[in-house]
Amino acid sequence: MTPSVRLPSAIIATAIASVAFFATGFVVVRGLADVKNASDVINVTGSAKRNITSDLAGWTFTVRSSDDTNLQNAYRAFQGAQPAIEAFLKAQAFSGSELRREPVNAGPQNYTVIEDVNGENAEVQRTRYVVSQTYRVQSGNIAKLQAAVGAATAAFVDASTGGVSIESGDVQYLYTKLSDVRVQLLEEASKDAQRRAQAIAQSAGNSIGAVKNARVGVFQITPRFETSVEDTGSYDTTALEKDVTAVVEIDFVVK
């Protein structure tokens, strides 16, 4: 039987330290290799902008009547406003595809008021009876819709009698070919990124190769000449004339 050999503790500690050193050295070398690979890539951002003019406009208004006593009174007031509303719509000559009437809504509506109760302010529940109907207009003839909105004020004043009110919304301007523009802008933004990367690489005596990574940013659809942007993208509907901006971030291999 071969006798066991007991090594001094100092030798054992040295051996462990050596193993740890080599292991650590391997990690460092591997890390340096990764950094070197990363330095062979150039990261650039490219952008492209296009001016567009909205080709579709939308507008809504709501006719509402209310009565504190009963629903029948509210409905009679609502019916009394209809001739003026229908005369206005007829004068605008909206087609069946341009005008949509939502169903009439009718029923009680609870609300809270602050009243004096025994010398103190207190919340008191009240009930009113409401009848309403919303009209939605959408047209590619934007000038026609804008003219209708301009003419609505006088018509709505005539209809707003006997407990009837009319709430008119803002005109919304849309662009129906946005998907095509987005594809074109992405192509232009990518070419812009490539030009930037090539210019930077050439200044150092290099050239660029294949794309390693590419990330598409959010689209910004803003009023013409607007400079504000949103992190999550924006889609303006208030302006007839708009700017569409696309951004891409690309990593190019440096040769």
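Being a predicted model, the structure only gives us computed values, none of them experimental.
- Annotation: side chain to side chain contact (heavy atoms under 4.5 Å, CB included) contacts of S47 (sequence neighbours excluded): D192, R196, V247.
- Checked by atom type and distance alone, the side chain of S54 pairs as donor or acceptor with a backbone atom of L240 at under 3.5 Å.
- Residues R224 and E226 are not paired through a salt bridge, judged by the lack of any N-O separation under 4.0 Å between the basic side chain and the carboxylate.
- Between T222 and D243, the side chains place no donor N or O within less than 3.5 Å of an acceptor N or O (distance only, hydrogens not considered).
- From R100, atom CZ reaches atom OH of Y135 across 13.5 Å, with rounding to the nearest 0.5 Å.
- At distances below 3.5 Å, at least one donor-acceptor pair connects side-chain atoms of D55 with backbone N or O atoms of T176.
- A salt bridge links R215 to D251: one of the charged nitrogens lies within less than 4.0 Å of a carboxylate oxygen.
- A donor and an acceptor atom, one from each side chain of N121 and E115, are nowhere located under 3.5 Å apart.
- In this structure, CH2 on W59 lies 6.5 Å from CZ on F94, to the nearest 0.5 angstrom.
- Within a 6.0 Å sphere centred on CG of N70, heavy atoms belonging to other residues, nucleotides or ligands number more than 12.
- Looking at R50 and Q184, their side chains do bring a donor and an acceptor atom within 3.5 Å of each other.
- When atom types are taken as modelled, the side chain of S190 and the backbone of L186 share a donor-acceptor pair closer than 3.5 angstrom.
- No donor-acceptor contact under 3.5 angstrom links the side chains of Y111 and Q109, judged on distance only.
- Criterion: ILVMFWY side-chain heavy atoms under 4.5 Å apart, direct or through other members. Under it, I52 and I142 are not part of a common hydrophobic cluster.
- Donor-acceptor pairing under 3.5 Å is recorded for the side chains of Y173 and Q146.
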Can I get a per-line list of side-chain donor-acceptor pairs under 3.5 Å for residues 200-209, giving both atom names and the distance, sequence neighbours left out?
residue	atom	partner	partner atom	Å
S203	OG	I200	O	2.5

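- With hydrogens and angles left out, the side-chain atoms of T134 and T62 include a donor and acceptor closer than 3.5 Å.
- Side-chain atoms of K242 come within 3.5 Å of backbone atoms of D236 as a donor-acceptor pair (strictly under, hydrogens ignored).
- Taking a cutoff of 4.0 Å between a charged side-chain nitrogen and a carboxylate oxygen, R101 and E86 qualify as a salt bridge.
- Tested against E98 for a side chain to side chain donor-acceptor pair (under 3.5 Å), the candidates R136, K144, Q138 yield a single pass: K144.
- Here the side chain of Q220 pairs a donor or acceptor atom with the backbone of E230 at under 3.5 angstrom.
- For Q133 (side chain) and E102 (main-chain N/O), a donor-acceptor pair under 3.5 Å exists by modelled atom type.
- Atom-to-atom distance recorded for T69:OG1 and R128:CZ is 12.5 Å, nearest 0.5 angstrom.
- Of the N and O atoms on the side chains of Q125 and T112, at least one donor lies less than 3.5 Å from an acceptor on the other residue.
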